[in-house]
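Everything numeric here is computed off the predicted structure, so don't read it as measured data. Convention: sequence-line order gives letters A, B, ...; per-chain numbering from 1.
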There are 2 protein chains.
Amino acid sequence: MERYIRQQRYLIAVDSIIFGFDGEELKLLLIHRGFEPEKGNWSLMGGFVEPEESLEMAAARILKQLTGLSGVYMEQLHAFGNPNRDPVERTVSVVYYALIDIHQYEKQLSDSYHPEWFTLNKIPKLIFDHPQMVTIAKSKLRDKASVQPILFELLPRKFTLPVLQNLYEDVYGRKFDKRNFSRKVLSSGLLVKLKHKEKRRSKKGAFYYTLDKQKYKSQFNSFLNFTPFPSDL
Amino acid sequence: MERYIRQQRYLIAVDSIIFGFDGEELKLLLIHRGFEPEKGNWSLMGGFVEPEESLEMAAARILKQLTGLSGVYMEQLHAFGNPNRDPVERTVSVVYYALIDIHQYEKQLSDSYHPEWFTLNKIPKLIFDHPQMVTIAKSKLRDKASVQPILFELLPRKFTLPVLQNLYEDVYGRKFDKRNFSRKVLSSGLLVKLKHKEKRRSKKGAFYYTLDKQKYKSQFNSFLNFTPFPSDL
DNA sequence: TTATTAATTGTATAAATGACACTTTAAAAA
DNA sequence: TTTTTAAAGTGTCATTTATACAATTAATAA
């Protein structure tokens with residue numbers, strides 16, 4: 001018994017939705033597609049799954065190719081398999097999303113894909129069903145962030161409360177009261193206040209905080225609800 | 001340009017995790033695998049994706065084959081693609097889970113797969129990576145049910161509060177206080193109390209309720225938190 | 001020295017949650 | 001017919017959590 005008979009085989013691709021945050025806005029890393037069809041048009045970073053690698057490995061390889069980063073937060077989002085989603089040949093795409101520290105990325109040398117970061121409300125026209133992938137990723141990020149502290153994956157080791165609040169506000173598309181916000185975040189016990197300040201963003205400067213990595217790991221599955229149902233909407 | 005060159009192609013399968021609820025316990029519908037390898041062993045219901053169908057269509061087709069049901073709640077869970085998950089040939093499986101009214105199923109004639117319902121803590125040895133699929137499905141169901149009223153998909157049109165509570169207790173693996181439970185469920189406004197009782201389960205009988213389908217649709221995304229973090233654990 | 005800008009901090013009210021036990025109903029048993 | 005039994009149904013209080021809201025502080029710029 002060598003193969004299953006009378007069955008069609010298809011290409012398997014992996015596409016990666018790479019989120020970054022610059023302190024103000026959530027962003028997506030997009031590339032110019034390098035081959036036909038749609039060569040040169042904006043696209044998610046992707047590639048075909050090699051014979052000996054798992055889906056996760058393929059996603060990690062593709063992320064590394066583009067950003068030079070490995071070991072970052074990455075999770076499967078959804079598999080897309082409409083018969084004609086790729087006009088050349090039937091291809092099932094398994095989409096992953098990654099949350100990276102955008103500053104780590106900036107240290108890397110960009111390569112031949114001419115990647116660019118785009119603010120979420122200024123995403124250019126994307127190929128194939130990539131717009132749908134991005135839409136689903138955004139809502140997944142919101143849902144997940146309301147239950148787990150994953151947004152910290154987007155921040156550098158040291159960050160300030162105002163920056164953290166910017167991040168949550170951008171992800172949820174709404175403003176939070178800063179008194180309530182800091183109370184809630186600090187009550188998790190995940191943050192450690194540092195003794196020095198970040199001074200670039202304001203005259204007064206804002207104290208740095210950093211994650212208590214022990215607690216971060218142990219409490220990863222019991223973060224607070226971030227207003228799944230805001231009263232003012 | 002006809003095909004992408006120098007790329008390997010793989011089989012794509014869809015496997016379905018079919019949940020049912022008999023009023024007491026959550027159950028899974030399993031079959032005897034019909035072909036080699038592992039022929040006759042317990043397995044999730046699955047099949048290969050046909051050339052002209054989407055993943056969703058394949059999942060719906062497979063569900064219909066086994067249960068005779070269509071139009072039921074179904075959602076993609078995860079894609080599994082480890083290189084050797086199927087010993088015969090590389091196969092990526094996209095797994096869906098379905099929530100069905102087990103009574104609807106019982107009216108169907110069973111067929112050649114010899115399907116059986118299994119209580120979740122008495123799942124037999126399953127083939128390949130199907131155990132992992134089931135594990136992920138269980139936790140997905142819990143997570144989703146804490147945010148959306150999906151568990152009603154498992155109930156018949158008319159149901160009682162004690163039965164509903166049994167369902168939630170089984171999904172979360174804990175007991176709820178019935179006073180607090182009914183208060184919370186009824187406060188959603190999703191339930192309509194009927195004038196007659198179900199009398200089989202107790203002497204006194206319990207009033208039937210039914211879903212307000214209007215509200216069910218409109219409030220689907222704003223159901224109450226079902227104790228993602230119970231205080232007594 | 002003063003003005004400016006953003007960071008930091010507290011309280012009062014409302015809503016949701018969790019703990020807890022008796023009454024009611026209707027069938028079954030005596 | 002009466003009594004027993006088993007599960008359904010219901011209310012209150014205490015605690016926790018969420019929300020609304022504004023004055024003070026720190027540091028730079030004028």
Atom [atom1] of [X] and atom [atom2] of [N]: how far apart are they, to the nearest Å?
X	N	atom1	atom2	answer
B:E198	C:dA26	CD	P	14 Å
A:F176	D:dT19	CZ	P	9 Å
A:K193	C:dA7	NZ	P	13 Å
B:R201	C:dA27	CZ	P	17 Å
B:H196	D:dA8	NE2	P	17 Å
B:K199	C:dA28	NZ	P	11 Å
A:F181	C:dA7	CZ	C1'	14 Å
B:R200	C:dA26	CZ	C1'	17 Å

Next item on the list: Kindly say whether, by distance alone, the side chain of A:K178 makes a donor-acceptor pair under 3.5 Å with the base of C:dT8?
Entry: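 Under the 3.5 Å cut-off, the side chain and the base do form a donor-acceptor pair.
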
Note to self: With hydrogens left out and only the distance checked, is there a donor-acceptor pair under 3.5 Å joining A:K204's side chain and the base of D:dT25?
What the structure shows: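 Counting by modelled atom types and ignoring angles, a donor-acceptor contact under 3.5 Å is found here.
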
Item checked: First encountered from the 5' end of DNA chain D, between B:D177 and B:V163 ->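 Closer to the 5' end of DNA chain D: B:V163.
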
Next item on the list: Would you kindly compare B:K197 and A:K197 by the position of their nearest DNA chain D nucleotide and give the one closer to the 5′ end?
Entry: B:K197

Next item on the list: By nearest nucleotide on DNA chain C, pick out whichever of A:Y209 and A:S202 is the more 5' one.
Entry: A:S202

Note to self: Taking the six-membered ring of B:F176 as reference, does the cationic atom of B:R174 (NZ for Lys, CZ for Arg) lie under 6.0 Å from its centre and within 45° of its axis?
What the structure shows: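 Here B:R174 passes the 6.0 Å and 45° test against B:F176.
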
Candidates [options] - which lies nearest the side chain of [X]:
X	options	answer
B:P162	D:dA8, C:dA7, D:dA27	D:dA8
A:R183	D:dT19, C:dT9, C:dT17	D:dT19
A:R179	C:dA7, D:dC21, D:dA18	D:dC21
B:N180	D:dA29, C:dC20, D:dT10	C:dC20
A:K184	D:dA27, D:dA18, C:dT8	D:dA18

Notebook entry, point to check: With no hydrogens and no angle check, do the side chains of A:Q65 and A:Y113 hold a donor and an acceptor under 3.5 Å apart?
Noted result: yes

Margin query: I need the A:T135 OG1 to A:D129 CG distance, nearest 0.5 Å.
Written below: 11.0 Å

Next item on the list: May I ask you to decide whether A:E198 forms a salt bridge with A:K158, counting only side-chain N to carboxylate O separations under 4.0 Å?
Entry: no

Next item on the list: Would you sort out whether A:Q214 and A:Y216 count as a side chain to side chain donor-acceptor pair (under 3.5 Å), showing the intermediate values?
Entry: CA-CA 5 Å; A:Q214 292 294 327; A:Y216 181 66; over 6 Å; no

